[in-house]
Enquirer: 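Handing you a structure now.
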Number of protein chains: 2
Amino acid sequence: MAFEITDAPITRGVLAKKANCHIETVRYYENIGLLLPPSRTEGGHRLYKIDDQRRLRFILRCRELGFNIDELRSLFSIVDTNTYTCGEIKSLSTDHLKSVRDKIKDLKRLEKTLSGILKNCTGGEIPECPIIDSLWAD
Amino acid sequence: MAFEITDAPITRGVLAKKANCHIETVRYYENIGLLLPPSRTEGGHRLYKIDDQRRLRFILRCRELGFNIDELRSLFSIVDTNTYTCGEIKSLSTDHLKSVRDKIKDLKRLEKTLSGILKNCTGGEIPECPIIDSLWAD
DNA sequence: CCTTGAACCTGTAGTAACTACAGACACTAT
DNA sequence: ATAGTGTCTGTAGTTACTACAGGTTCAAGG
């Protein structure tokens with residue numbers, strides 16, 4: 001996620017392109033309060049300054065790390081006070097890491113079951129299938 | 001997923017309890033066409049016979065294996081003709097298995113990044129944090 | 001200065017897979 | 001007959017966006 005931040009204020013479309021995200025997503029993040037309302041032109045078009053750009057990048061990076069909107073809200077509620085401690089952030093991130101690991105565990109179990117069933121499958125033209133059989137059976 | 005199928009037709013609530021799923025989910029599956037409309041009492045209450053029960057169980061088992069509604073629809077469109085072949089089912093399931101494996105790969109990459117960042121974290125009372133720093137940094 | 005076309009504005013609806021009502025009716029037991 | 005639970009319907013809420021429609025603003029060219 002290279003994301004050059006420019007000194008001069010930029011419009012929503014330019015920001016979105018720079019951030020490689022959908023233009024509507026930018027507005028969405030403002031609507032739900034993750035992005036702060038930016039300044040505007042006389043005509044009402046949004047203008048994103050350095051801090052706005054940085055904040056969007058922060059959000060997108062967190063999303064890439066799998067943080068959901070609620071976790072991001074928590075992160076901001078800590079960070080925006082400017083009195084956050086390393087411990088607070090670590091605790092949040094550790095929780096998140098755990099949920100990621102849980103998801104991996106679940107998917108692995110699922111993968112095992114699925115490939116186990118698939119092994120019994122000949123894949124031929126015959127009008128029956130051990131997969132279906134095992135799913136219908138009592 | 002033990003799921004005794006009873007000879008006598010049962011109501012939606014009883015079915016849901018037996019299947020260990022939410023009562024509204026049963027209606028939902030009917031609304032979207034996965035469950036076939038069951039017979040009714042004179043008063044209009046649904047009555048689920050053996051085949052209905054089996055079909056719900058099939059759906060729930062597929063959902064447990066991570067198949068989404070669309071994949072289930074495809075499965076049924078094959079199975080409901082009663083002329084399905086093992087090959088058709090295998091192909092669908094193999095695709096699904098691949099998407100599961102892709103998800104695992106994504107999550108593992110994510111886990112690695114996340115735990116990498118977390119390692120640099122002291123977690124103390126200091127008012128700064130390498131996690132935040134790395135997310136804000138250019 | 002005027003026009004044109006792209007970019008932007010707003011509000012709203014759609015996506016997946018449910019879950020959660022509200023207000024009315026059916027069923028069961030006493 | 002009545003009380004209390006179970007079901008009925010349609011609709012709205014959830015997550016994290018995405019996709020319009022109908023209107024306005026902006027930047028560039030003449």
Side-chain angles (χ1 to χ4, degrees), chain A residues 8-35 37-49 52 55-56 58-76 96 99-100 103 106 110, chain B residues 8-35 37-49 52-53 55-56 58-76 96 99-100 103 106-107 110:
Chain A
I10 54 180
T11 62
R12 185 152 61 103
V14 174
L15 176 61
K17 204 158 287 169
K18 210 189 268 289
N20 197 30
C21 81
H22 202 284
I23 186 170
E24 297 289 17
T25 305
V26 177
R27 188 164 61 109
Y28 170 70
Y29 286 150
E30 183 185 333
N31 283 340
I32 63 171
L34 285 189
L35 282 177
S39 55
R40 304 261 184 154
T41 65
E42 293 253 317
H45 286 200
R46 289 174 181 79
L47 286 177
Y48 295 92
K49 303 208 185 118
D52 302 313
R55 194 173 177 103
L56 175 61
F58 181 87
I59 293 169
L60 293 176
R61 282 176 177 167
C62 287
R63 296 287 299 120
E64 272 194 343
L65 292 174
F67 286 93
N68 64 24
I69 302 291
D70 245 25
E71 290 171 319
L72 254 162
R73 247 191 268 274
S74 302
L75 257 179
F76 276 130
H96 176 55
S99 85
V100 170
K103 253 180 241 161
D106 285 350
L110 206 154
Chain B
I10 53 179
T11 61
R12 184 152 60 105
V14 173
L15 176 61
K17 204 157 288 168
K18 210 189 269 288
N20 198 28
C21 81
H22 202 283
I23 186 170
E24 298 289 18
T25 304
V26 177
R27 187 163 63 108
Y28 170 70
Y29 286 150
E30 183 185 334
N31 283 339
I32 63 172
L34 285 189
L35 282 178
S39 55
R40 303 259 184 156
T41 65
E42 294 252 316
H45 286 201
R46 291 173 179 80
L47 285 177
Y48 296 92
K49 302 207 186 118
D52 303 312
Q53 299 172 43
R55 194 176 177 102
L56 176 60
F58 181 88
I59 294 170
L60 293 175
R61 281 177 179 167
C62 287
R63 297 286 300 121
E64 272 194 344
L65 291 174
F67 287 93
N68 63 24
I69 302 291
D70 247 23
E71 291 171 317
L72 256 163
R73 249 191 266 274
S74 303
L75 258 179
F76 277 130
H96 176 56
S99 85
V100 170
K103 250 179 244 162
D106 285 351
L107 281 175
L110 207 154

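No experiment lies behind these values; they were computed from the predicted model shown.
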Enquirer: Please report, rounded to the nearest Å, how far the P atom of C:dC18 is from the CD1 atom of B:Ile69.
Expert: 5 Å
Enquirer: Could you tell me if A:Arg55 sits above the aromatic ring of A:Phe76, with its cationic atom closer than 6.0 Å to the ring centre and no more than 45 degrees from the axis?
Expert: yes
Enquirer: What heavy-atom pair brings A:Ile23 and A:Gly13 nearest, and what distance separates the two atoms?
Expert: CD1-CA, 3.7 Å
Enquirer: Counting only side-chain nitrogens and oxygens, does A:Arg46 get under 4.0 Å of the OP1 or OP2 atom of C:dC9?
Expert: yes
Enquirer: Ring-plane angle category for B:Phe67 and B:His96, please: parallel below 30°, perpendicular beyond 60°, tilted otherwise.
Expert: parallel
Enquirer: Look at all strands and tell whether A:Ile23 reaches a base, only sugar-phosphate, or nothing, counting heavy atoms closer than 4.0 Å.
Expert: sugar-phosphate
Enquirer: Nearest-Å distance, CG (A:Leu47) to P (C:dC8)?
Expert: 10 Å
Enquirer: Whole Å only: how far is the NZ atom of A:Lys18 from the P atom of C:dA7?
Expert: 16 Å
Enquirer: When you list every nucleotide of DNA chain D with an atom under 4.0 Å from a heavy atom of chain A, which one comes first 5' to 3', and which comes last?
Expert: D:dA16 to D:dC26
Enquirer: Do A:Lys103 and A:Asp106 pass the salt bridge (Lys or Arg N to Asp or Glu O under 4.0 Å) test, and can you show the C-alpha distance, the side-chain angles, and the key distance before you say yes or no?
Expert: CA-CA 5 Å; A:Lys103 253 180 241 161; A:Asp106 285 350; over 6 Å; no
Enquirer: Round to the nearest Å and state the distance from B:Leu35 atom CG to C:dC18 atom C1'.
Expert: 14 Å
Enquirer: Measure from the side-chain heavy atoms of B:Glu24 and tell me the nearest of C:dC18, C:dC21, C:dT10.
Expert: C:dC21
Enquirer: What is the nucleic acid contact for B:Arg63, judged by heavy atoms within less than 4.0 Å: base, sugar-phosphate only, or nothing?
Expert: sugar-phosphate
Enquirer: On a heavy-atom basis, which atom in A:Leu56 and which in A:Tyr29 lie closest, and how many Å separate them?
Expert: CD1-CD1, 3.9 Å
Enquirer: Among all residues two or more places apart in sequence or in another chain, which pass the side chain to side chain contact (heavy atoms under 4.5 Å, CB included) test with A:Lys49?
Expert: A:Pro9, A:Ser39, A:Asp52
Enquirer: May I ask you to decide whether A:Glu64 forms a salt bridge with A:Arg61, counting only side-chain N to carboxylate O separations under 4.0 Å?
Expert: no
Enquirer: Between atom NZ in A:Lys17 and atom C1' in C:dA6, what is the gap in whole Å?
Expert: 11 Å
Enquirer: Is B:Arg63 salt-bridged to B:Glu71, cutoff N-O under 4.0 Å?
Expert: no
Enquirer: Write down the distance between CZ (B:Arg73) and P (C:dT15), rounded to a whole number of angstrom.
Expert: 11 Å
Enquirer: How far does CG of B:Leu34 sit from CD1 of B:Ile69, to the nearest 0.5 angstrom?
Expert: 5.0 Å
Enquirer: Name the nucleic acid region contacted by A:Phe67, choosing base, sugar-phosphate or nothing; use a 4.0 angstrom heavy-atom cut-off, strictly under.
Expert: nothing
Enquirer: Starting at the 5' end of DNA chain D and moving along, which residue's nearest nucleotide shows up first, B:Asn31 or B:Gly13?
Expert: B:Gly13
Enquirer: Tell me, for nucleotides 24-30 of chain C in 5' to 3' order, what letter each nucleotide earns: B for a base near a protein heavy atom under 4.0 Å, S for only sugar-phosphate near one, - for neither?
Expert: --SS---
Enquirer: Report the residue (B:Asn68 or B:His22) whose heavy-atom-nearest nucleotide on DNA chain C is the more 5′ of the two.
Expert: B:Asn68
Enquirer: Starting from P on C:dA7, measure out to OH on A:Tyr48 and report it in whole angstrom.
Expert: 16 Å
